[in-house]
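In what follows, every heavy atom counts, from backbone to side chain, and hydrogens, waters and symmetry copies are set aside.
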Amino acid sequence: MIKITLKDGKILEFNDPITAEEVAKSIGMGLYKAALAAKIDGQVKDLMTVIDRDCSLEILIWDDEGGRDTLRHTASHVLAQAVKRLYPNVKLAIGPAIENGFYYDFDADFPITPEILEKIEKEMEKIVKEGLRPERFVLPREEAIKYMKEKNEPYKVELIEDLPEGEEISFYTQGEFTDLCAGPHIPNTDKIKAIKLLSVAGAYWRGSEKNKMLQRIYGTAFTKKSDLENYLNMVEEAKKRDHRKLGRELELFAIHEEGPGFPFFYPKGMVVRNILESYWREVHAKWGYSEIKTPIILNERLWHQSGHWDHYKENMYFTQIDDQDYAVKPMNCPGAILVYKSQMHSYRELPLRLGELGLVHRHEISGALHGLMRVRAFTQDDAHIFMMPSQIKDEVLGVINLIDSFYKVFGFEYHVELSTRPEDSMGSDEDWENATNALIEALNAAGLEYKINEGDGAFYGPKIDFHLRDSIGRTWQCGTIQLDFQMPERFDLHYTGEDGEKHRPVMIHRVVFGSIERFMGILIEHYAGAFPTWLAPVQVRILPVTDRANEYAKGLEERLKEKGIRVESDLRNEKIGYKIREAQVQKIPYMLVLGDREVEAGSVSVRSRREGDLGQMSFDDFVNKVREEIDKKITYV
RNA sequence: GCCGGCUUAGCUCAAUGGCAGAGCAACUGACUUGUAAUCAGUAGGUUGUAGGUUCAAGUCCUAUAGCCGGCUCCA
């Protein structure tokens, strides 16, 4: 007797071994039809899996992540199968499901063009309709290698060779196509009701630039045609939020061909930027930071001492002054260290928090540039905290809380990663271990979930990274907290302890926004250009209905300016509908429509970007409403 | 940096190898207008740049720059 416990706690009993698919059928035909995979004792498996012992079972459908991934994984095999049918000489690499679809990497000796993509997609649709059932089989290692060698699939051979000893080596066959694969797969390709190839991109074999670049085909698949349409519409909508497009349309910033990676901020962008910076200063003053400003260009000597020359030279710009070698700073830390070093410090002063809105330049490779998100010159909202070792945990915790409180103001969701020692780094293993453990301790104390990003730390220390999402779901590192035992050593920093002896301080390097540029890029996409009133470059636009109201409008404009509200008037000889449309398109939070009635009553008619016509109110009521929104930083998303 | 694609007026986009165009924006004029686009007119271009093929190149070829999507890398 086999006892199978379902999700709802119900227990089914069977006399003989049975497939998960059959169990689904016994529960109901609806579930059977919708079923894509099975979660057996917590593991996602094929529906074809034979259950021969007591276990828990959950039938996974489209709404389950495991169900979606399984369907898309099979879709990637359909893609590979189609490619093999059309171009038998193409070599197969890997093809997993990813967040919104799947990809498969191929080694083809010809470029896969959009036209070829269309042909492949047609073939895929055929395969889907053929209703192929993936069949799983297992081979011992040597036979598996032999099998893939015979099929002339060198990448598969390499994959098998690198599988750990004792690992089961499984294959899936659907129709004439067989692929090395851990699974799981859906029971029939005809469950894929909508499939679409999206793009081709280069991708290094096994993600290393030392290896050959393969061609990666991205696609997505759904169980319903309408879901695919919805998804494509969603992607279209997301593209409208692209900060590069909105930056141009709303005249916030631009990047010109003359300065790739060097953004220009236009007047409206500078309003947003200046507000962010003054808010930053206000908060940091409260949190016990003082502010410094260090030079952009400093003698090359300093960068040898800091270790940047050895570990960061590739990313730096250099110049000469009076026959001496100088470097443009890629980081603010050495400057801050010189400030620290210029005075004696007592343990009583620690932790010493030196903030700096520092403009840094980094030579990023051209392919990495991306709007404001990845540039070659950016301002870090940096701070260097010098402290005693005993203060590490509290300080890191403090910075975590500071970052969290900042992101909450903007309504951001974030995730946290812990980046550990990279290959190219300096310092002893012991220092690195201590530093990494200190960060873990702080993360645990803060109760934060985090994922480990192996080998992605700074060359001088491990770091906690805060990632924010852009409009199409890519995440960007913004805030970071880096713990550093190396720089204090290199620069021979010290403080006088309670015992009157010299001691070595520890440093934290940290940013909240990350870079003002990147943060603004995220902000623009997050709000789709419709900034909350406190950040909006123009908060109120006054729209007289006819030129009879122009004088009244100008008077109100002055009075609003006196209240510290950013206002402008549209006195052009245009219809009111036209003026409103334009203000709306420019995402200005409030419009004041002024005609004969308002002039007569000395009132204002208010139109909100978000809620439309709010009707007439007194000038004072309007000012109070807007001021409250600004002062409380009220955000409607 | 690598792979693929793209680049035409300020913006969005047209133009079989055969006279470079439209809409919006700008400017001028008329309309004095009530909650998302009034009408008419004017101006705007060495088709990213440099070569080449051709009687003829926006269109084909080569190189190059920038951009877009990825890979790699990172705030």
Practice item. Please work out if A/Arg244 contacts a base, only the sugar-phosphate, or nothing of the nucleic acid, heavy-atom cut-off 4.0 Å. Key: sugar-phosphate
Exercise for review: Give A/Val593 one of three labels, base, sugar-phosphate or nothing, depending on what nucleic acid heavy atoms sit under 4.0 Å from its own.
Suggested key: base
Exercise for review: State whether a side-chain donor-acceptor pair under 3.5 Å links A/Asp484 with A/His509.
Suggested key: yes
Exercise for review: Compare the aromatic ring of A/Phe378 with the six-membered base ring of B/rA75 and state whether they stack according to the 5.5 Å and 30° rule.
Suggested key: yes
**Study point:** Closest nucleotide among B/rA75, B/rA65, B/rC3 to the A/Gln215 side chain
**Key:** B/rC3
Check your understanding: Salt bridge check: are A/Lys463 and A/Glu417 linked by an N-O gap of less than 4.0 Å?
Key -> no
**Study point:** Atom pair CD1 (A/Ile98) and OH (A/Tyr218), whose distance is rounded to the nearest 0.5 Å
**Key:** 5.5 Å
Practice item. Using both distances under 3.5 Å as the test, list the Watson-Crick or G-U wobble partner of B/rU7, or none. Key: B/rA65
Point to revise | Spacing between A/His370 atom NE2 and B/rC71 atom P, to the nearest angstrom | key: 12 Å
Review point. Taking atom P in both B/rC11 and B/rG5, what distance in whole Å separates the two?
Key: 25 Å
Practice item. Nearest-nucleotide wise, let me know which of A/Lys245 and A/Arg548 is further upstream toward the 5' end of RNA chain B. Key: A/Lys245
Check your understanding: Closest to the A/Ser199 side chain: B/rC71, B/rG69, B/rG34?
Key -> B/rG69
Check your understanding: Using purine N1 to pyrimidine N3 plus N6-O4 or O6-N4 for Watson-Crick, or N1-O2 and O6-N3 for G-U wobble, both under 3.5 Å, which nucleotide pairs with B/rC13?
Key -> B/rG21
Review point. Out of B/rA36, B/rU72, B/rA75, which has the shortest distance to the side chain of A/Arg607?
Key: B/rA36
Point to revise | Selection from B/rG69, B/rA36, B/rU35 that lies nearest to any side-chain heavy atom of A/Ala201 | key: B/rG69
**Study point:** Per A/Tyr578 side chain, nearest of listed nucleotides B/rA37, B/rU32, B/rC73
**Key:** B/rA37
Check your understanding: Roughly how many Å is it from CG in A/Asp107 to P in B/rC2, rounded to a whole number?
Key -> 18 Å
Exercise for review: Taking atom types as modelled, find out whether A/Gln616 and A/Ser603 have a side-chain donor-acceptor pair closer than 3.5 angstrom.
Suggested key: yes
**Study point:** Euclidean distance, atom CG of residue A/Leu614 to atom P of B/rU35 [Å, nearest integer]
**Key:** 15 Å
Point to revise | Selected nucleotide, minimal atom distance to A/Glu364 side chain, candidates B/rC73, B/rA65, B/rU72 | key: B/rC73
**Study point:** Whole-Å distance separating the CD atom of A/Glu99 from the P atom of B/rG70
**Key:** 12 Å
Review point. Quick one: is B/rA75 close enough that its OP1 or OP2 comes under 4.0 Å of any side-chain N or O from A/Arg510?
Key: no
Review point. Using atom P of each nucleotide, how far apart are B/rC68 and B/rU53 to the nearest Å?
Key: 34 Å
Check your understanding: Within the pair A/Lys463 and B/rA75, is there a side-chain N or O less than 4.0 Å away from OP1 or OP2?
Key -> yes
Practice item. Can you tell me, in whole Å, how much space there is between the C1' of B/rC24 and that of B/rC73? Key: 40 Å
Practice item. Pick base, sugar-phosphate or nothing for A/Arg216, based on heavy-atom distances below 4.0 Å to the nucleic acid. Key: sugar-phosphate
Exercise for review: Name the closest nucleotide to the A/Tyr218 side chain, picking from B/rG70, B/rA75, B/rU32.
Suggested key: B/rG70
Practice item. Tell me what A/Gly595 touches on the nucleic acid: a base, only sugar-phosphate, or nothing, going by heavy atoms under 4.0 Å. Key: base
Point to revise | Quiz item: A/Tyr204 side-chain donor-acceptor pair to B/rG1 base, under 3.5 Å | key: yes
Check your understanding: Which nucleotide in the list B/rU38, B/rG5, B/rA75 gets nearest to the side chain of A/Lys575?
Key -> B/rU38
Exercise for review: Counting heavy atoms from C-beta on, name the nucleotide in B/rG34, B/rG69, B/rU38 closest to the side chain of A/Arg474.
Suggested key: B/rG69
Exercise for review: Tell me what A/Gln584 touches on the nucleic acid: a base, only sugar-phosphate, or nothing, going by heavy atoms under 4.0 Å.
Suggested key: base
Review point. Side chains of A/Tyr103 and A/Ser76: does their closest heavy-atom pair fall under 4.5 Å?
Key: no
Review point. Which comes earlier along RNA chain B counting from the 5' end, the contact point of A/Ala203 or that of A/Met331, where each point is its nearest nucleotide?
Key: A/Ala203
Review point. Is it the case that A/Arg216 and A/Ser199 place a side-chain donor and acceptor less than 3.5 Å from each other?
Key: no
Review point. Just checking A/Glu582: base, sugar-phosphate only, or nothing, at a heavy-atom cut-off of under 4.0 Å?
Key: nothing
Exercise for review: Would you kindly give the CD-to-P distance between A/Glu600 and B/rG34, to the nearest whole Å?
Suggested key: 18 Å
Review point. With a 4.0 Å cut-off on heavy atoms, is A/Ser208 in touch with a base, just the backbone sugar-phosphate, or nothing at all?
Key: nothing
Revision key, fill the gap. Under a 3.5 Å limit on both distances, the Watson-Crick or wobble mate of B/rA57 is none
Check your understanding: Rounded to whole angstrom units, what separation is found between the CZ atom of A/Phe262 and the P atom of B/rA65?
Key -> 16 Å
Check your understanding: For A/Val360, which contact category applies under a 4.0 Å heavy-atom criterion: base, sugar-phosphate, or nothing?
Key -> nothing
**Study point:** P atoms of B/rG10 and B/rA25, separation to the nearest Å
**Key:** 16 Å
Check your understanding: Rounded to whole angstrom units, what separation is found between the CE atom of A/Met373 and the P atom of B/rC68?
Key -> 12 Å
Study note, to complete from the structure: Separation of B/rG70 atom P from A/Leu369 atom CG, nearest Å, is 14 Å
Review point. Between A/His467 and A/Gln477, do the side chains contain an N or O donor and an N or O acceptor separated by less than 3.5 Å?
Key: no
Review point. NA contact type, A/Gly207, heavy-atom cut-off 4.0 Å: base, sugar-phosphate, or nothing?
Key: sugar-phosphate
Check your understanding: Does any N or O donor sit under 3.5 Å from an N or O acceptor when you compare the side chain of A/Arg374 with the base of B/rC73?
Key -> yes
**Study point:** Pairing partner (Watson-Crick or G-U wobble, both distances under 3.5 angstrom) of B/rU42
**Key:** B/rA26
**Study point:** Short N-O contact, A/Glu454 and A/Arg421, less than 4.0 angstrom
**Key:** no
Exercise for review: Establish, from distance only, whether the side-chain atoms of A/Gln380 and A/Ser515 form a donor-acceptor pair under 3.5 Å.
Suggested key: no
**Study point:** C1' spacing across the pair B/rC19 / B/rG45, given as an integer number of angstrom
**Key:** 15 Å
Check your understanding: Can you tell me if the side-chain N/O atoms of A/Gln380 get under 4.0 Å from OP1 or OP2 in B/rA75?
Key -> no
Exercise for review: Between B/rA75 and B/rG66, how far apart are the C1' atoms? Round to whole Å, please.
Suggested key: 23 Å
Check your understanding: Which nucleotide in the set B/rC11, B/rA26, B/rC74 lies at the smallest distance from any side-chain heavy atom of A/Arg572?
Key -> B/rA26
Review point. Is there a donor on the side chain of A/Glu598 or the base of B/rG34 sitting less than 3.5 Å from an acceptor on the other?
Key: yes
Review point. Which is true for A/Ile580 with a 4.0 Å heavy-atom rule: it touches a base, it touches only sugar-phosphate, or it touches nothing?
Key: base
**Study point:** Passing option when A/Arg362 is tested against A/Arg376, A/Met331, A/Met316 for side chain to side chain contact (heavy atoms under 4.5 Å, CB included)
**Key:** A/Met331
